[in-house]
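Below is one structure, written out as structure tokens; the observations come after it.
Keep in mind the model is a prediction, meaning the values are calculated, not measured.
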Amino acid sequence: MTQELRTTDTRVDALFGVDTFSKQVMQKRLPKEVYKSLLKTIDHGEPLDPRIADIVAATMKDWAVERGATHFTHWFQPLTGLTAEKHDSLVSPDGMGGVIYNFSGADLTQGEPDASSFPSGGLRGTFEARGYTAWDPTSPAFLNRHGKAVTLCIPTGFVSWTGEALDTKIPLLRSMEALSKQALRILKIFGTDTGVTRVVTTLGPEQEYFLVDREMFYRRPDLVTCERTLFGARPPKGQQLEDHYFGAIPARVLAFMHEAEEELFRVGVPVKTRHNEVAPGQYEVAPLFETSHIASDHQMVLMEILRRVADRHGLKALLHEKPFAGVNGSGKHCNWSISTDMGVNLFDPQDDTHTNLQFLTFLCGVVRGVDLHADLIRASIAGAGNDHRLGANEAPPAIISMFLGEMLSDILVQVEQGLPKRTIKGGTIELGARSLPSIPRHSGDRNRTSPFAFTGNKFEFRAVGSTASVAWPTTVFNAVVAESLDFIATEVEKAAGNNPSPAKLQAAVLAVLKSVIKQHKRVIFDGDGYSPEWHKEAARRGLPHLRDSVEAFPVLKAKKTVDLFKKYGVLTKAEVESRYHIAVEKWVKQLVIESEMMISMARTMILPAALRHQAELGEAVNATEGAGVDCDDSVKALEGFVALVSTAREALVKLEAAAAHDHDDPMAHAHHIKAKVRPAMSVLRAAVDALENHVAADLWPLPTYRELLFLK
């Protein structure tokens with residue numbers, strides 16, 4: 001559930017929510033009955049009463065105009081992975097030569113953007129243009145400020161004229177409904193559903209990013225076009241001293257962070273934590289937990305604001321998963337949990353966890369869902385940028401497994417063997433100095449190598465890429481867990497019968513959980529996910545290992561995936577297949593752009609610089625020989641450099657030949673890129689990076705890693 005910020009600091013109080021049409025604003029401005037009706041939709045998921053739309057629209061318009069708004073937009077999230085908006089004026093002619101501010105209920109609830117130019121994966125033809133946006137009243141409207149321009153942004157879903165979802169929000173909302181329905185069945189079994197009308201998933205997505213100087217950014221065509229460096233030699237100092245992580249934040253960066261936080265507070269994004277990340281030039285921001293679809297909306301807003309505010313400070317925010325080779329890349333750590341609409345976290349294990357059968361039931365639902373659909377979870381975070389990151393030291397491996405920690409793993413072993421009788425306690429840590437307090441020790445450690453780790457009262461999915469929308473992987477979590485809760489509820493209901501005694505209910509639940517654990521415990525792994533031994537063990541267990549996106553994409557259209565989404569009303573078969581086609585086409589296009597950019601930079605920037613350096617070496621050799629001085633070493637150096645240039649030129653020719661291939665079938669094209677283009681790109685990069693270490697600094701045409709990562 002959304003956590004409200006409370007503070008006595010009048011400055012922060014004045015900032016937070018000023019530009020958000022929040023519940024507090026609605027309560028003050030809307031008629032009491034209208035507010036109550038709208039609250040039923042926001043808090044309990046009841047259908048919106050169309051009779052209140054005009055009143056809400058007029059109130060929202062007055063609030064926005066008072067704060068300088070001149071336009072409104074239906075703000076939505078198409079399948080580009082970004083956000084979209086079409087601005088319409090709040091001003092209309094009054095028929096008497098003047099103007100009036102006008103915003104109706106129809107304007108609020110429905111818009112009609114062109115649907116033909118967004119990715120649809122075959123759902124729409126270019127000649128089929130009609131699409132609709134539909135107001136999501138559960139996500140607060142907000143004001144977007146660009147200088148003097150103020151726009152009222154209304155979060156919406158985006159749907160085709162045919163009724164098929166063309167965005168990330170609608171499937172996410174559908175998946176939340178599916179999970180709520182099954183979770184309520186579990187609560188009913190345990191008699192804890194009193195007063196609960198719905199269950200929601202909550203999300204706290206941490207965002208990693210890099211900052212580079214803006215002037216140097218624009219001198220790197222690869223950063224401008226691809227947001228990652230396609231060339232770049234390793235600097236003498238990278239992250240090997242481990243001195244950047246949690247270090248003192250540079251003054252210029254801190255000024256940027258402070259302004260970004262102020263903007264985020266204004267639009268209701270509840271950011272909480274900021275710090276230096278592992279790589280030089282890398283940082284992180286983390287929010288408080290919110291209901292998943294609101295957290296997803298706010299995550300998209302956060303990325304936009306990071307980019308916008310960075311510009312004002314002469315910086316560029318890089319959200320790409322791997323902007324620099326040889327140092328940590330960036331991701332999103334999606335902290336996911338389930339709560340009732342009364343604010344009860346269903347993943348709170350409580351003190352004597354072994355007695356908390358309801359918690360263990362939800363836990364086993366996740367274990368079963370992750371095991372059955374590990375391939376789909378892996379596919380949900382597939383992408384060109386994430387291919388550089390998964391399995392490296394800053395990200396979990398591409399093998400999807402779960403970390404539960406010593407305490408929970410021990411309890412599940414007990415359940416499998418019979419009746420659980422103990423909960424391992426964490427105890428306390430004595431620090432050995434009287435001035436320092438003893439501190440509580442958690443009952444289990446954390447595991448940063450696990451893709452899906454239990455971290456106290458939530459699961460942390462560490463594998464999401466830093467540019468990705470969190471809506472899609474969250475949709476997948478919700479769907480796979482809904483299916484498993486459905487299975488467990490059905491099995492318990494059959495085993496326990498109607499009105500079971502407490503003893504019979506306990507026996508039924510334990511029997512079902514024992515079966516689930518026995519069948520699906522293979523996905524639980526508390527060790528080092530980076531170790532070669534784990535890769536061998538995972539293969540022995542039969543866990544899928546989809547090493548890159550090309551291997552993962554086919555899972556998106558598999559019958560098992562289609563059946564899952566269809567059964568729970570999350571996506572139709574056509575909607576599932578469209579997402580597969582869009583994912584493959586986007587991957588291909590990104591790699592085509594990168595390969596063409598490498599070719600262009602090598603031809604027009606790198607080789608000319610190298611040849612100028614070669615000419616200077618040649619002139620130096622000629623001058624030295626002409627003076628009658630022995631210069632065998634210089635001749636050898638020149639010959640060695642000429643060989644480097646020849647190697648780079650040969651690598652460029654090979655990449656040009658590989659990149660010239662095209663294919664009508666995007667998946668066939670993807671396989672070609674994986675087999676031919678990417679290896680050729682790696683060879684060219686190695687050759688160019690070798691040249692960088694030899695060409696005179698005043699001739700090298702690109703800002704180096706040393707400059708990009710350390711000059712702030």
V271 and L302: CA distance, side-chain angles, deciding distance, side chain to side chain contact (heavy atoms under 4.5 Å, CB included) verdict: CA-CA 9 Å; V271 290; L302 182 146; 3.8 Å; yes
Short side-chain to backbone donor-acceptor contact, K586 and T80, under 3.5 Å: yes
T59 vs W63, side chain to side chain contact (heavy atoms under 4.5 Å, CB included): CA-CA, chis, key distance, verdict: CA-CA 6 Å; T59 305; W63 167 82; 5.7 Å; no
Extract all donor-acceptor atom pairs below 3.5 Å that involve side chains of residues 26-36 and protein atoms in other chains or at least two apart in sequence.
{"unit_1": "R29", "atom_1": "NH2", "unit_2": "E66", "atom_2": "OE1", "d": "2.5"}

Any donor-acceptor pair under 3.5 Å from K169 side chain to T156 backbone: no
Under the ring pair (Phe, Tyr, Trp, His ring centres under 6.0 Å) test, residues paired with F103 that sit two or more places apart: F72
L166 CG to L123 CG distance, which is reported to the nearest 0.5 Å: 6.0 Å
Test salt bridge (charged side-chain N to carboxylate O under 4.0 Å, His left out) applied to E284 and R274, step by step: CA-CA 6 Å; E284 181 175 299; R274 65 190 184 201; over 6 Å; no
Check: I381 main-chain N/O paired with N386 side-chain donor or acceptor under 3.5 Å: yes
By ring pair (Phe, Tyr, Trp, His ring centres under 6.0 Å) - contacts of W336 (at least two apart): F347, F477
Atom pair NE2 (H581) and CG (L79), whose distance is rounded to the nearest 0.5 Å: 13.0 Å
Salt-bridge criterion met for K61 and D54 (N-O under 4.0 Å): no
Worked verdict on E262 versus R266 for salt bridge (charged side-chain N to carboxylate O under 4.0 Å, His left out): CA-CA 6 Å; E262 286 192 343; R266 287 184 70 95; over 6 Å; no
Working for side chain to side chain donor-acceptor pair (under 3.5 Å), residues T475 and N478: CA-CA 5 Å; T475 299; N478 294 346; 5.7 Å; no
Parallel, tilted or perpendicular: ring planes of Y209 versus Y283, cut at 30 and 60 degrees: tilted
salt_bridge(R51, D49) N-O dist < 4.0 Å: yes
Q282 (side chain) donor-acceptor with E277 (main chain) under 3.5 angstrom: no
Ring geometry between H71 and H87 (parallel below 30°, tilted from 30 to 60°, perpendicular above 60°): tilted
With K316 via side-chain hydrogen bond (donor to acceptor under 3.5 Å, both in side chains) - residues at least two apart: Y218, D311
Donor-acceptor side-chain pairing of T197 and D341 below 3.5 angstrom: yes
Flag for D62-Y101: side-chain donor and acceptor within less than 3.5 Å: no
T151 side-chain N/O to C153 backbone N/O, donor-acceptor pair under 3.5 Å: no
Any side-chain donor near an acceptor of the partner, E321 and T467, under 3.5 Å: yes
F158: which of F118, W135, Y132 passes ring pair (Phe, Tyr, Trp, His ring centres under 6.0 Å): F118
Qualifying residue, where the test is side chain to side chain contact (heavy atoms under 4.5 Å, CB included) with V200 and the options are I294, T291, D43: T291
Between T455 and K458: side-chain donor-acceptor atoms closer than 3.5 Å: yes
Short N-O contact, E263 and R308, less than 4.0 angstrom: yes
Salt bridge (charged side-chain N to carboxylate O under 4.0 Å, His left out) between D213 and R252, worked out: CA-CA 10 Å; D213 183 85; R252 184 180 178 191; 3.2 Å; yes
Residues which pass ring pair (Phe, Tyr, Trp, His ring centres under 6.0 Å) with Y580, listed by chain and number, not counting sequence neighbours: none
Interatomic spacing from CD1 in I582 to CG in L556 - rounded to 0.5 Å: 11.0 Å
Side-chain donor-acceptor pair present, Q207, Q299, cut-off under 3.5 Å: yes
Pairing residues for E177 by the side-chain hydrogen bond (donor to acceptor under 3.5 Å, both in side chains) criterion, not counting sequence neighbours: none
Pairwise distance CD(E85) to OG1(T133) - rounded to 0.5 angstrom: 12.0 Å
Backbone of P473 reached by a side-chain donor or acceptor of S380 within 3.5 Å: no
Lys/Arg-Asp/Glu bridge criterion (N-O < 4.0 Å) met for K567, E483: no
Flag, side chain of D167 to backbone of I170, donor-acceptor distance under 3.5 Å: yes
Distance-only polar pair, side chains of N335 and E206, donor-acceptor under 3.5 Å: yes
Shortest non-hydrogen contact between G365 and L485, atoms and distance: CA-CD2, 4.2 Å
Nearest heavy-atom neighbours spanning H275 and I249: CA-CD1, 4.4 Å
Option passing ring pair (Phe, Tyr, Trp, His ring centres under 6.0 Å) with F142 (candidates F21, F265, W75): W75
Short side-chain donor-acceptor distance under 3.5 Å, H293 and S139: no
Nearest-0.5 Å distance that lies between atom OG in S337 and atom CG in L203: 10.0 Å
R130 side, atom CZ; S160 side, atom OG - distance, nearest 0.5 Å: 10.5 Å
Residues H320 and E227: side-chain donor-acceptor under 3.5 angstrom: no
N144-E304 side chain donor-acceptor pair, cut-off 3.5 Å: no
